[in-house]
J.: 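Please see the structure below; I have some questions.
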2 protein chains.
Amino acid sequence: MTSYTPGMASSDDRSTRDRLLDAFEQLLVDGGGRAATLDAVAAAAGVSKGGLLYHFHSKDELVEGMLERLYDQADADVALMRAAPEGPVDFYIETSVDSGSAFDRALIAASRVAQENDSRAAAALAKVRDGWFEVLAEHLGDDPLARTIQLIGDGLYFDDSTGLRDPDALAHVREVLRRLDVL
Amino acid sequence: MTSYTPGMASSDDRSTRDRLLDAFEQLLVDGGGRAATLDAVAAAAGVSKGGLLYHFHSKDELVEGMLERLYDQADADVALMRAAPEGPVDFYIETSVDSGSAFDRALIAASRVAQENDSRAAAALAKVRDGWFEVLAEHLGDDPLARTIQLIGDGLYFDDSTGLRDPDALAHVREVLRRLDVL
DNA sequence: GTCTATATGGTGATAGAC
DNA sequence: GTCTATCACCATATAGAC
């Protein structure tokens, strides 16, 4: 698997490429897989459809490019999680509510694709989740607790991505985690 | 809002109507909004596209019919939850993992539609969730805990609907809930 | 590297036969 | 009550001009 390397593009087409992926993700987040057509992606990125198809020869390649970026973002996120001063648990639940970050957008976009029965996207999400779980389980030394916290994070993500966001959710979760002596 | 009333169909077309809604839901669950075309729904239900369009004049009406059924199923579920011998919390998390029930299918289908930016579906899901929360909060007398348990349920749902199912998840959650003295 | 055609097939919806 | 035929539109993808 060739990994996506931000600084190493062979020419200066990186910004157009990334703008296209950004637009693709945003359309997936806002309107689901149905709204993310090639026309819409090209328009949102400010290029023509032909321009898009120069960078990505098919919609499939667009998905592939998106997932490659996701893997790198996930690696960076896990590193941040391990090094977080507030500890990995607080970092994890805090970043599980949608802050509008590029990584949040990439995750929600990937889950939209996964729900259209794309096995690559589902595998990518599973791998990202495994990375988080590893850190949680290592830090807590308690699989049931780690799994439960991960489910809470999944729930926060799901609610945000379905427009069910509850502003008190994070405070409530923190309160319960304190009772469990993990915060 | 005219409610869906199983026993009161004005003629014997109820079974065809329900078969169409069943097929619509199943296609949404399996392949997302993109796969649930009118052609596919009609074929899966064993009627022609014209036959479908006799019962539902548009795709919008198909969604509407689906959400009406969902409301009634949700009312029934809340009643079961209140009366559950094992208590509402255990009932809630147990039924949050996809058992393949008609209600599970309806919920996942509705969330697929909600994620394509359909406000009716999002509102329906929010209402269903409010019903569960009310029972949880009433029973526990503890909003943070009720909200957290609800998030765990959302996480279980999300994982199932994205193909991330972990067979130990439920056991792990139960273990943690015992530590919190709710099971 | 980006754009304009254009081919091909799918998708929602209508009209009207049976 | 269900079906066939048909329409206008939108989607992905190709070929090739600039």
Side-chain angles (χ1 to χ4, degrees), chain A residues 4 6 8-67 109 112-113 115-118 120-121, chain B residues 8-67 109 112-113 115-118 120-121:
Chain A
Y4 165 82
M8 276 183 63
S10 49
S11 51
D12 69 337
D13 61 347
R14 210 190 78 75
S15 112
T16 300
R17 208 187 127 91
D18 268 358
R19 266 191 3 257
L20 285 164
L21 289 177
D22 290 347
F24 184 45
E25 287 177 356
Q26 194 61 51
L27 284 161
L28 282 169
V29 171
D30 291 344
R34 204 143 203 192
T37 66
L38 296 187
D39 273 301
V41 172
V47 294
S48 71
K49 203 202 286 200
L52 185 167
L53 287 164
Y54 167 76
H55 291 283
F56 302 96
H57 293 39
S58 70
K59 201 172 190 184
D60 238 56
E61 282 191 19
L62 209 45
V63 172
E64 214 111 13
M66 184 183 84
L67 295 179
R112 298 278 198 260
V113 177
Q115 287 178 350
E116 307 230 322
N117 215 5
D118 184 303
R120 296 164 305 169
Chain B
M8 274 183 64
S10 49
S11 51
D12 69 336
D13 61 347
R14 210 190 77 77
S15 113
T16 300
R17 207 186 129 94
D18 269 359
R19 266 191 5 257
L20 285 164
L21 290 177
D22 290 346
F24 183 44
E25 287 177 354
Q26 194 60 50
L27 284 161
L28 282 169
V29 170
D30 290 343
R34 208 145 199 186
T37 65
L38 296 186
D39 273 301
V41 171
V47 294
S48 70
K49 204 205 287 203
L52 187 167
L53 287 165
Y54 167 77
H55 290 283
F56 301 96
H57 292 39
S58 70
K59 202 172 188 183
D60 238 56
E61 280 189 21
L62 209 44
V63 171
E64 214 111 14
M66 185 183 83
L67 295 180
R112 297 278 198 261
V113 176
Q115 285 177 354
E116 306 230 322
N117 215 5
D118 184 303
R120 296 163 304 171

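The chains referred to below are lettered A, B, ... by the order of the sequence lines, with proteins before strands, and numbering in each begins at 1. Here the structure is a predicted model, which is why all the values come from computation and not from measurement.
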J.: Between CG of A:D118 and CG of A:L67, what distance do you get to the nearest 0.5 Å?
T.: 7.0 Å

J.: What's the spacing between A:L21 CG and A:M66 CE if we round to 0.5 Å?
T.: 8.5 Å

J.: Could you tell me the separation between the NE2 atom of B:H55 and the C1' atom of D:dC3, rounded to a whole number of Å?
T.: 12 Å

J.: Measure the CG-CZ distance between A:D22 and A:R19 for me, rounded to the nearest 0.5 Å.
T.: 9.0 Å

J.: How long is the line joining CG of A:L20 and P of C:dC3, in whole Å?
T.: 10 Å

J.: With side-chain hydrogen bond (donor to acceptor under 3.5 Å, both in side chains) as the criterion, how do B:Q26 and B:D30 come out once you've worked through the C-alpha distance, each side chain's angles and the decisive distance to 0.1 Å?
T.: CA-CA 6 Å; B:Q26 194 60 50; B:D30 290 343; 3.2 Å; yes

J.: Please round to the nearest 0.5 Å and tell me the distance separating atom CG of A:L52 and atom CZ of A:F56.
T.: 7.5 Å

J.: Taking only side-chain N and O atoms of B:T16, does any of them lie within less than 4.0 angstrom of OP1 or OP2 on D:dT2?
T.: yes

J.: Side chain of B:Y54 only, heavy atoms from C-beta on: which candidate in D:dG1, D:dC3, C:dT2 is closest?
T.: D:dG1

J.: Counting only N and O atoms by type, is there a donor-acceptor contact under 3.5 Å from the side chain of A:R34 to the main-chain atoms of B:E116?
T.: no

J.: Check nucleotides 10-14 of chain C for protein N or O atoms closer than 3.5 Å to its own N or O atoms and list the pairs.
T.:
from   : atom 1 : to    : atom 2 : distance (Å)
C:dG12 : OP1    : A:R34 : NH2    : 3.0
C:dG12 : OP1    : B:K59 : NZ     : 2.8
C:dG12 : OP2    : B:L38 : N      : 2.8
C:dG12 : N7     : B:K49 : NZ     : 2.9
C:dA13 : OP2    : B:K59 : N      : 3.0
C:dA13 : N6     : B:K49 : NZ     : 3.1

